[in-house]
Amino acid sequence: MLKIHNTLTQSKQEFVPIEPGKIRMYVCGITIYDYCHIGHARTFVSFDIITRYLRYSGYDLTYVRNITDIDDKIIARASKNGENFKQLTKRYTQIMHEDFAALGMAAPDIEPKATDSIAEIIETIQSLIDKGFAYQGTSGDVYYNVPKFEDYGKLSKQNLEALQAGERVDVATDKQNSMDFVLWKMAKPGEPEWDSPWGGGRPGWHIECSAMSKKCIGEHFDIHGGGSDLQFPHHENEIAQSEAANGCVFANTWIHTGMVQVDKLKMSKSLDNFFTIREVLKKYRAETIRYFMLSSHYRSQLSYGEDNLDAANAALERLYLSLRDIDLKGMDLKGMDLKGMDLKGMDLAGMDLADLPKVDDSNQYVAKFKQAMDDDFNTPEAVAVLFEIAKAINRSKNNDLENARYLAVILIELGSVLGIVQQSPNDFLTASAGDELANIELIERLIVERKQAREDKNWARADEIRDQFNQMGIVLEDKDGKTNWRSC
RNA sequence: GGCUGGAUGGCAGAGUGGCCAUGCUGCGGACUGCAACUCCGUCUACGCCGGUUCGAUUCCGACUCCAGCCUCCA
């Protein structure tokens, strides 16, 4: 039974989809005008894992993640660069897609853009005006009348009086209430604009998501997600807009991810303490970054630091090390009790996941894994199960190879739900984080030479060669007369 | 100031009313020519003060500290 922590109720609840077997999920994507950083990665890796697990659990999921491609910051950056805002957003969207793919994220089913949804946005605003929830100010800007929506604050547990009391001094505006927010903003000369019943302008940020979610998955859907910093005001405003315009409940379950911190402070553009995905990828493998993210729960804050990335890398290596030397290719697996699975001829290393038979939960590890993930996507506990399997594989390697192979299949299959341990162990272990290609020929020649030295009991020469390897950033592992190597 | 969440062993990080998290690191042992890998063992962990209980890190209350939101923000 899947339980999900719902921000609306501040508790873990049994998840019941609106339509049996189907889930519609909308996640707020990013405002695109720059490189994505590790904070963004954390949120979207979290939802990638949620997506994988929901599908693994048998749900037919529609995953929508939008792109905000019109916004004050975009206009400002484009103007600073002296380029059209569309060139800017197109360029960085491309980069975002590359970075996200590098981190092993599957693309969302639908990726709507605000600028492709202007008609729906205008329609939603008009509906709010018609129902008395919105008005046009003297400046021409259209605002949402916040006090008009009785449930305002139900997501973020705020109340209007307290919000207004704690408010910073605002510049004079034509808003009727200080909490009112803009739905349609009139264009200044030279700014991009779209025609509307209220004049040429652009949509406000919050209304975009209300319009795009409705356009893609309807007025009432199962899950709405995003970073916890969007809880207020963005998601609160979305609820106010959508529920007022549509007259029905908006999203049943709200999922919010914890922020990434740097030296105890939130990683963000404004604090200028961010690390882009690109720069971190220069030093760490993508899978290491991904592992680092799922080593803590998605709702907790995650402390970014090289020590933690190094530990994540060592942990991931341990997982791959357990799989090394286990090759199902060409092995006779007839005698294996694989619960009806036919693994003959399958190459564990880099096999196509679609071909991987499903392991059922009669296996204790699978059952444990699902139990962890069913409990609000508890990835740290799920990862712990992976390590239990790795240990069992290592124990079985020497005396029960068939069991080791069986466990390896389970490890890889469960790893696929988290998006880790999907490479050939050898590829992973011998790849260096940077892009310097190891000189395979030299390595192999030296290994042969060292082997001879060891046979001649020329320990001095053998150790000399090993030291040479260490200087190249390579560790040697002698096993049953064979020598493996890996990067470190 | 208001709202929300958190405080676990050297570090990271789950969890539970009484018993094992897990990973990294350290230490001892096995394996090894020596290492590495691996295995076995191991390091007085639950912010502070009260309360409930046969028993609390886990439940309740107070306190201290930290973070997030209240301004664009994943």
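Per chain, numbering begins at 1; letters A, B, ... match sequence-line order. Predicted model only: the values in this text are computed from it and were never measured.
Nearest nucleotide to the Glu477(A) side chain, out of A36(B), A67(B), A74(B): A36(B). Listed nucleotides C70(B), C37(B), A67(B) differ in distance to Lys264(A); the shortest reach to its side chain belongs to A67(B). With A14(B), A67(B), C37(B) as the choices, the nucleotide that has an atom nearest any side-chain atom of His297(A) turns out to be A14(B). Out of G33(B), A12(B), U38(B), the shortest distance to the side chain of Asn394(A) is found at U38(B). Of all nucleotides listed (C72(B), G15(B), C3(B)), C72(B) comes nearest to the side chain of Ser270(A). Among the nucleotides A35(B), A67(B), A74(B), the one closest to the side chain of Met259(A) is A74(B). Nearest nucleotide to the side chain of Lys266(A), out of G68(B), C70(B), C37(B): G68(B). In this structure, the nucleotide among G23(B), A74(B), G33(B) sitting nearest to the side chain of Ile30(A) is A74(B).
Taking side-chain N and O atoms only, Arg454(A) has no distance below 4.0 Å to OP1 or OP2 of U32(B). Note on Ser156(A): every side-chain N or O is 4.0 Å or more away from OP1 and OP2 of G68(B). For G5(B), one of the phosphate oxygens OP1 or OP2 lies less than 4.0 angstrom from a side-chain nitrogen or oxygen of Gln10(A). A close approach under 4.0 Å does not occur between any side-chain nitrogen or oxygen of Lys391(A) and OP1 or OP2 of U22(B).
Classified by interplanar angle (parallel below 30°, tilted 30° to 60°, perpendicular above 60°), the ring pair Phe181(A)/Tyr144(A) is parallel. The aromatic rings of Phe221(A) and Tyr26(A) lie tilted to each other, with the angle between the two planes from 30° to 60°. The aromatic rings of Trp254(A) and His235(A) sit tilted relative to each other, their planes meeting at an angle between 30° and 60°.
The base of C37(B) lies outside donor-acceptor range of the side chain of Lys479(A), with no N or O pair under 3.5 Å. One N or O donor and one acceptor, one from the side chain of Asp478(A) and one from the base of A35(B), sit under 3.5 Å apart. For a distance-only test at 3.5 Å, the side chain of Arg318(A) fails to qualify as a donor-acceptor partner of the base of C24(B).
With a cut-off of 3.5 Å on both pairing distances, C46(B) has no Watson-Crick or G-U wobble partner at all. In this structure, A12(B) forms a base pair with U22(B), meeting either the Watson-Crick or the G-U wobble geometry with both donor-acceptor distances under 3.5 Å. Figure legend. U64(B) is base-paired to A7(B); pairs are counted as Watson-Crick or G-U wobble with both atom distances under 3.5 Å. Under the Watson-Crick or G-U wobble criterion, with both distances below 3.5 Å, G1(B) is paired with C70(B). With both pairing distances under 3.5 Å, U38(B) is matched to A30(B) as a Watson-Crick or G-U wobble pair.
In terms of position on RNA chain B, the residue among Gln158(A) and Asp463(A) whose nearest nucleotide sits closer to the 5' end is Gln158(A). Mapped onto RNA chain B by nearest heavy atom, Ala384(A) and Asn378(A) fall at different nucleotides, with Asn378(A) at the one closer to the 5' end.
Nucleotide A12(B) holds its P atom 14 Å from the CG atom of Leu309(A), rounded to whole Å. One atom, CG of Asn308(A), and another, P of U22(B), lie 20 Å apart when rounded to the nearest Å. When the C1' atom of C24(B) is taken as reference, atom OH of Tyr284(A) falls 13 Å away, rounded to whole Å. Computed from coordinates, the Arg42(A) CZ to A74(B) C1' distance equals 10 Å when rounded to whole Å. Atom C1' of nucleotide C34(B) and atom CG of Leu476(A) are separated by 13 Å, given to the nearest angstrom. For the pair Asn6(A) CG and G5(B) P, the interatomic distance rounds to 13 Å; values are reported in whole Å.
When the C1' atom is compared between G15(B) and C65(B), the two are found 23 Å apart, to the nearest whole Å. On the C1' atoms, A67(B) is 24 Å away from G61(B), given to the nearest whole Å. For the C1' atom pair drawn from C40(B) and G51(B), the interatomic distance equals 44 Å after rounding to whole Å.
Within the 4.0 angstrom heavy-atom criterion, base atoms lie near Lys73(A). Here Val383(A) lies out of heavy-atom contact (under 4.0 Å) with every strand.
Judged by a 6.0 Å distance limit and a 45° cone about the ring axis, Arg65(A) is not positioned over the six-membered ring of Phe47(A). For the pair Lys370(A) and Tyr365(A), the NZ or CZ position fails the cation-pi test of under 6.0 Å to the six-membered ring centre and within 45 degrees of the ring normal.
More than 12 heavy atoms of other residues, nucleotides or ligands lie within 6.0 Å of NZ in Lys154(A), so this atom counts as buried by the packing criterion.
With ring centers used as reference points, Phe100(A) lies under 6.0 Å from Phe44(A).
Between the side-chain ring of Trp459(A) and the base of G33(B), a stacking contact exists by the 5.5 Å and 30° definition.
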